Trainee: 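Provided herewith is a single structure, encoded as structure tokens, for subsequent inquiry.
What you are looking at is a predicted structure, and each value in this text was computed from that prediction instead of being measured. Note on naming: letters A, B, ... go to the chains in the order of the sequence lines (proteins, then strands), and numbering restarts at 1 for each one.
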2 protein chains.
Amino acid sequence: MVQHNQDVKDRILITADRLFQEQGFNETGINQIISEANIAKASLYYHFKSKEELCVAYLQRRNEIWNKAFYEFLRNKNNKALAAFDFLVERNSMDNFRGCSFLNMLSETSPEKKLVYDEIQNHKSGLLLFFEYELKEKELAYLIYSLFENAIIESKLQRNQEPVYRLKKLAESLIQSKKPSN
Amino acid sequence: MVQHNQDVKDRILITADRLFQEQGFNETGINQIISEANIAKASLYYHFKSKEELCVAYLQRRNEIWNKAFYEFLRNKNNKALAAFDFLVERNSMDNFRGCSFLNMLSETSPEKKLVYDEIQNHKSGLLLFFEYELKEKELAYLIYSLFENAIIESKLQRNQEPVYRLKKLAESLIQSKKPSN
DNA sequence: AATTATATAAACAGACTTGTCTGAATATAT
DNA sequence: ATATATTCAGACAAGTCTGTTTATATAATT
């Protein structure tokens, strides 16, 4: 039966999102996506002309979802730059230390795929902008951003939250020591 | 003609090393390895019972090669913790911003492959130990280690050396401010 | 001299890969 | 009512993937 309700594209994206995150991009085949999304292969290629185009759409959507969750989490927090580390703890618990979708893709793609690189760069520059806005000082922001990035990677590698706690404490003392009130 | 000179295993490792670095692990097939190494497929499976086992051997060898080049580079340097960033600049130029082989593998593998994870963890804990030895203070070492890690990632993502220079400067001022002589 | 270790080529298995195409059906828009 | 957009199932192409097996050859060890 033809399901003509225009959520076909959504179902593709939702399923691809889940599978790319769970298994990685190269480990996920088109056939698995269409099978689990319950759509026809021709429908996928009607909406996306290649797997690479689906990849770009996936990263765009992931960026939107991530940002939404991120800023929602921070809404009622006092020190948002530090609370970012708490967000990371929450995400690690939810996704079993899967790490950053964008850094994962960075390792699975090549610089020739410019549109893919663009989406990764865009996500990361957005995150850096957040720290710059919160901390006012650019070099301090780059510093805390770096600790945040390494918190993602190190907690993925160690498969526990200790690196996040530890780097949050380091970030805290660095931010503190820059405060003019001290 | 049978080449019975016991460098077959070496040729496999040398070729796999090159291809895994240039193309990534999952993007490199067994057939390409045997073809470019000029050996028979049965010879590969004589020395390595699976591609995963080859992966582990590759990471072990890569760790040895990396460490050798790293400590050789640092031998005549004064501030070795800071000179590590210069090493990174050199490597980026040589390998066209391919990034860290171990972090790349981290994104291409899964935690179920315990031996693979072990090699990645081993490499990174060795690097952290280096910073701890050089900087004496553990939390400072973890901080500089984090900047170093992000320098690898960010320069790969931006495909230029600016992040390395910038993070080296940040590292410098952080190390400076911890010195008791100030 | 006999055994064992290492190497070869090449076929084979069985599954998977991305992407195209056909022919039909159903919606939506004009 | 007619044109256009969307969806379907499923076959097909042309290749790739990891790994096994066979049968043979050579080198090293005992």
Trainee: Rounding to an integer number of Å, can you tell me how far B/Ile34 CD1 sits from C/dA11 C1'?
Mentor: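 In whole Å, C/dA11 C1' lies 13 Å from B/Ile34 CD1.
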Trainee: In whole Å, I'd like the distance from the OH atom of B/Tyr46 to the C1' atom of D/dT21.
Mentor: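 Interatomic distance, OH of B/Tyr46 to C1' of D/dT21: 17 Å.
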Trainee: Report the distance from atom CG of A/Asn38 to atom C1' of D/dA9, rounded to the nearest whole Å.
Mentor: 13 Å
Trainee: How long is the line joining CD of B/Glu108 and C1' of D/dC17, in whole Å?
Mentor: 15 Å
Trainee: So does A/Pro111 get a backbone contact from the side chain of A/Lys114, meaning a donor-acceptor N/O pair under 3.5 Å?
Mentor: no
Trainee: Write down the distance between CG (A/Asp10) and P (D/dT7), rounded to a whole number of angstrom.
Mentor: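 It works out to 10 Å between those atoms.
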Trainee: Given the ring of B/Phe48, does B/Lys9 sit roughly above its face, with NZ or CZ under 6.0 Å from the centre of the six-membered ring and within 45° of the axis?
Mentor: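 Yes, a cation-pi geometry holds between B/Lys9 and B/Phe48.
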Trainee: Rounded off to whole Å, could you give me the CG-to-P distance for the B/Leu44 and C/dT8 pair?
Mentor: 11 Å
Trainee: Distance check needed: D/dT20 P versus B/His47 NE2, whole Å only.
Mentor: 16 Å
Trainee: Would you confirm whether B/Lys51, through its side chain, and B/Phe25, through its main-chain N or O, come within 3.5 Å as a donor-acceptor pair?
Mentor: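 Side chain of B/Lys51 to backbone of B/Phe25: a pair is present.
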Trainee: Can you check the B/Asp7 CG to C/dT6 P distance for me, whole Å?
Mentor: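 Value for this atom pair: 14 Å.
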Trainee: Choosing from C/dA7, D/dT7, C/dA9, which nucleotide comes nearest the side chain of A/Ser43?
Mentor: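 Nearest nucleotide to the side chain: D/dT7.
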Trainee: Any side-chain heavy atom of A/Arg98 within less than 4.5 Å of one from A/Glu22?
Mentor: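 The answer is yes, as the side chains (C-beta and beyond) meet within the 4.5 Å cut-off.
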Trainee: For a quick check, with a 4.0 angstrom heavy-atom cut-off, what is the B/S/- contact string for nucleotides 14-21 of chain C, read 5' to 3'?
Mentor: ---BBBBB
Trainee: In terms of side-chain geometry, is the basic nitrogen of B/Arg166 or A/Glu139 positioned less than 4.0 Å from the acidic oxygen of its partner?
Mentor: yes
Trainee: Determine, for A/Tyr45 and A/Lys41, whether the Lys NZ or Arg CZ falls below 6.0 Å from the six-membered ring centre while staying within 45 degrees of the axis.
Mentor: no
